[in-house]
Amino acid sequence: MAAETSEVQRAQEQFRDELLRAGVLVDGGSPGLYLRSGTFERIVAGIDRLVSEAGRSHRAPVLHFPAVMTRRDFEATGYVGSFPDLLGSIHTFGGGDREHRRMLAEVEEGGSWTEHLQPSDLMMCSAACHPLYPTRRGKLARGGEVYEVFGQVFRHEPSVDPARMQTFRQHEFVRLGDDTSAVAHRDAWVERAVDIHRSLGLDVSTEVANDPFFGRAGRIMADSQRDEALKIEIVATVSSEDRPTAITSANCHQDHFGQSFGIETAEGRVAHTSCVGFGVERITLALYRRHGLDVEAWPAQVRSLLAV
Ligand code: ZN
């Protein structure tokens, strides 16, 4: 196991170094923090366009979310209980001149100046769909609702694997309604997502998966998530051929967010929700892995689909 792990890590480091050498990514100074090239972003824009087109029949309202959300709403998502190791909090300075002088002295001495900061009412967003739910409190439209959302998320999981960034984007289609429509939405999107990835030449497969719930209680939650097949991941080779990476995931949340945020169907039952989330950075990296670092040498059909 250890030998296999170090083999995977070597492959991850190797792919990361190739991306850095080619200027696809620029090292941002912390594992999993990167600056991205213009070509990388054009590929991301192409993927976003394909995903939006695939969901056009929903006629869904489109929402773009900031990278932060309120602490109160963050607490209601349940993330503190399930993934305390991944969360990120925004701290700010609220002192006066005297406190500022003390803090600055610590900055200059290389001390722990962040002790002078206090938690603000904001948290880094952990999933693109989280900020949607508090806006949907109360009764949904008859037949339920679908939203297309774009969000920037943060997860504290520093890694040498370029596919495991600490901040990344998710492009989602979120369904809120009854249980049957939530499951149907998830399943329809697994098929659509597989088609999108294959049209780009990616060799993908689907897997029942679980989220990395924290601690001992978390293992039980992960097992039940798997047993009920609530999370389906679409995986492809990114950094390591031995360990495929989830590039898109489709999730049924059952009534978790409906309960937490007081969302009801038009008939007055607790709403169920589901979402498909495209990890656009990971899909982009999977494309670089599959077709090479020189985008001009990619298959003409893929370039034309992405307009790159
Ligand atoms: Zn989501």
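Numbering starts at 1 and runs along the sequence shown. As a basis for the values below, the full set of heavy atoms in this structure was taken, side chains included, without hydrogen atoms, waters or symmetry mates. In listed order, ligands and their atoms are each counted from 1.
In summary, Cys129 places an N/O/S atom under 2.8 Å from the Zn ion (ligand 1), meeting the contact criterion. The Zn ion (ligand 1) lies at 2.8 Å or more from every N, O or S atom belonging to His130.
For Glu172, the N/O/S atom at the shortest distance from the Zn ion (ligand 1) is named OE1.
Side-chain atoms of His171 and Asp48 form a donor-acceptor pair, as typed in the model, at a separation below 3.5 Å. Donor-acceptor pairing under 3.5 Å is lacking for the side chains of Ser126 and Arg155.
Here the two rings, on His272 and Phe257, have centers that are 6.0 Å apart or farther. You'll find the ring centres of Tyr147 and Phe173 outside the 6.0 Å limit.
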